[in-house]
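Presented below is the structure to which this report refers.
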Amino acid sequence: MEKMIENKENTNFIHQIIEKDLLEGKNDKRIHTRFPPEPNGYLHIGHAKAIILSFSTAEKYNGLCNLRFDDTNPMKEEEEFVKSIKENVKWLGYDWADRCYFASNYFEKMYDYAVQLIKKGSAYVCDLNGEEIRKYRGTPKMSGENSPYRDRSVDENLELFKKMRDGEFSTGEKTLRAKIDMSSSNMNMRDPIMYRIIHSEHHNTGNKWCIYPTYDWAHGLEDSIENITHSLCTLEFEDHRPLYDWFLDELNVYHPQQIEFSRLNLNYTIMSKRKLAELVENKYVTGWDDPRMPTISGLKRRGYTPEAIRDFVGRIGISKNEGVVDMALLEHCLRDDLNKKALRFMAVLNPIKVVIDNYPENQTEELEAINNPEDESAGKRKLPFSKELYIEKDDFMEDAPKKFWRLTVGREVRLRYAYFIKATSISKDENGEITEIHCTYDPETKGGNAPDGRKVKSTIHWVSAKDAIDTEVRMYDRLFSISNPLSDKEKSYLEFINPDSLKILENCKLEPNLKNINNGEAVQFERNGYFILDKDSNDKKQIFNLAVTLRDQWKKIQKNKK
Ligand code: ATP
Ligand code: MG
C-alpha cells in the first residue's frame, strides 16, 4: 500500500480540496490547520491520525498548524492532560512553535460575539430546563416547538445574559440559545444552546466565569479567531457544519472551511476517552500509559516509535469511509520499523540450564555476534560463552515427536554465534522436573559452522549462566479478547478484557550487554520479539516490556487474500 500522507506524490480528498483552493488563490494562498483536543484525558491512536493529518497537511503546503486546547468545559479538564497532550504531539514529531492556544482565552471575545447576536435578534435567553428543552426540540421525524421565551425583547435578553454572566442564577437555571429554526430537519439547528450556567472552577480561568460556551458555539469562533483556513475534524461533526457556518455567517466574521474525515477505529481495543478513563479509574490497567492502552503514551511505553505510528496512519489513508482497521496492521508497522533499527540481543525468557560436559571448567570465551543483520553499520559485539548456559525450556523436549527439530537427547543443534551442541542426558529433581540438560560441544564448530559440512536442523539462542542478568519481562497481549468489545448489547466491554493481556515472567536471563541499553530504545530479543526497557526499572532490577512478537499476522492476512 502507498503512504498517503507522508508521500508528497500522493494525495487524498482533503489535499485535493486544498490544492483547488490554492489554485484559486483562496485565503491569499495561506494554509492554516489546527489540532483541537479537549484536555479531558490522554490522547489515543485515533487522535494520532488527526494530529498527523493536520500537522502534515500544513507541512506539505508550507502552512501552519496550531495546537489548541478546546477547554470550554470546566467539569472534567485537568492540567495533567494538557501536559501529556503536549508531550504526545512533540513525540509524534510535530512542532506548534509559539502557537499553543486555549479556547478559554477567547471567552471574553466569545461573550462579545454572543452580545452581537442578541442585538441582531439571533439569540435569546431561555428559562426551560434541560428536560423541557429536549421535549420542545421534537424528534428527527417531528418538528420541534418554539420555546415560550423565544420572543423576549433584545433589551431583556441583554440584561438577562449579563446577569447570567454575573452569577445571579444557579447552575442550569438559564441558557442562551441561537434563534434559528425549531422545524429544521437538522436537529442541531433547532435553537441550539450557546451558553449554559455552570458554577464550577475552570483549570485556566479559575472562578472568573460561570457561563460556559458549548462546542458548537465555540469551535467555529476559535477557528475564525485563529485564522484557520481548513478545519479538519471527524465525521460526527458533519451534521454540525450547517451550524458552524450559520454562526460565522450571522456574525459576518472570517469563515474557515470545516472538512470531515472518518475516525480511526481499531479492533481489539476501544477508542473513547470516557471508556479509557473508566479502565484507568477502576484499575483494570495501571494507568493511562499502561502498555496495553491504545493511548499514545501507552504505545510509547509499549515500544512503539513515532515512525511506526506515522507509517500506520499513512497506510490507512484519509477518506470518508467508516471502517475498522486491523490491529495486525499497526503491529506490522512497528515490526517493519524496528526490524530496521533495533539491535539484536540474546534473552532467555523461560530458562532451563544446559551443562556442556566437555567444556573446560572456569573458561569463558568471547564470541562475536552481529548487532543488526539489517544494518551493517550497527556493528558487532562480544558474547561470553561458558560451560553452563541457559536456553528456552521449550527448545528442549524429552519425548520429541519426529518433526521437532530442536534439542532432544541424541540430537545436535546450533547455538547461535557459538557451537554445535549435542544433548546426551538430562537430570531431574524429585518432582520429575528437568533441572539440567547435559550436552557435549564440538570445538571445531566455533562460530556456528562445521568444517566437515555437516548440517543441523535448528539454531537456538542461549545465554551464559554466570554472566546473565536476571530480569523481569512483561509479556503483553491485546487488551480485549474479542475483536469488537462494544458489539455485545447485553454485556459491558469490561467483560471482554483479555485475562492474559499481561503475563509477568520473573526469571528471565539476558546477555550482559543489555546492561547498557538506553531507556526508551526498543531492542530485539532474538526469536522472541521486540522489547523495551520499562520506566519501572531501577538500579537493582531491569524490567522489559514486550512490544510485539516476531510473528507477523498482517503478512499472513495479506498472503491469504492473494
Ligand atoms: P473521544 O471520542 O475518543 O473521547 P474526542 O473526539 O472527544 O475523543 P477531542 O479531544 O475532542 O476527543 O478530539 C480532538 C480531535 O481529535 C478532534 O478533531 C477529533 O475529531 C479527533 N479525533 C478524535 N478521535 C478520533 C479518531 N478515533 N480518529 C480520528 N480522529 C479523532
Ligand atoms: Mg470531543
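Atoms within each ligand, like the ligands themselves, are counted from 1 in listed order. Nothing fancy with the numbering, it's 1 onward along the sequence. All heavy atoms count here, side chains included; hydrogens, waters and symmetry mates do not.
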Aromatic Tyr124 / basic Arg177 pairing, under 6.0 angstrom, 45° off normal: no

For [atom], which candidate among [options] holds the nearest heavy atom?
atom: atom 30 (N) of ligand 1; options: Pro37, Ala277, Gly46; answer: Gly46
atom: atom 2 (O) of ligand 1; options: Met271, Arg263, Arg274, Lys273; answer: Arg263
atom: atom 27 (N) of ligand 1; options: Leu43, Thr234, Leu264, Ile85; answer: Leu264

Partners meeting side chain to side chain contact (heavy atoms under 4.5 Å, CB included) with Asn105 (sequence neighbours left out): Phe102, Asn204

Full working for ring pair (Phe, Tyr, Trp, His ring centres under 6.0 Å) between Tyr215 and Phe237: CA-CA 11 Å; Tyr215 176 90; Phe237 296 108; 4.8 Å; yes

Heavy-atom side-chain proximity of Thr72 to Thr214 below 4.5 angstrom: no

Ligand-residue contact atoms, ligand 1 with [X], heavy atoms, under 4.0 Å:
X: Ser272; answer: 3 (O)
X: Glu38; answer: 9 (P), 10 (O)
X: His44; answer: 3 (O), 24 (N), 27 (N)
X: Ala50; answer: 16 (O), 21 (C), 30 (N)

Flag for Arg478-Ser501: side-chain donor and acceptor within less than 3.5 Å: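 Checked: Ser501/Arg478 side chains show no N/O donor-acceptor pair below 3.5 Å.
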
Pair Arg263 + Glu322: basic N to acidic O under 4.0 Å: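 The answer is no: the pair does not qualify as a salt bridge.
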
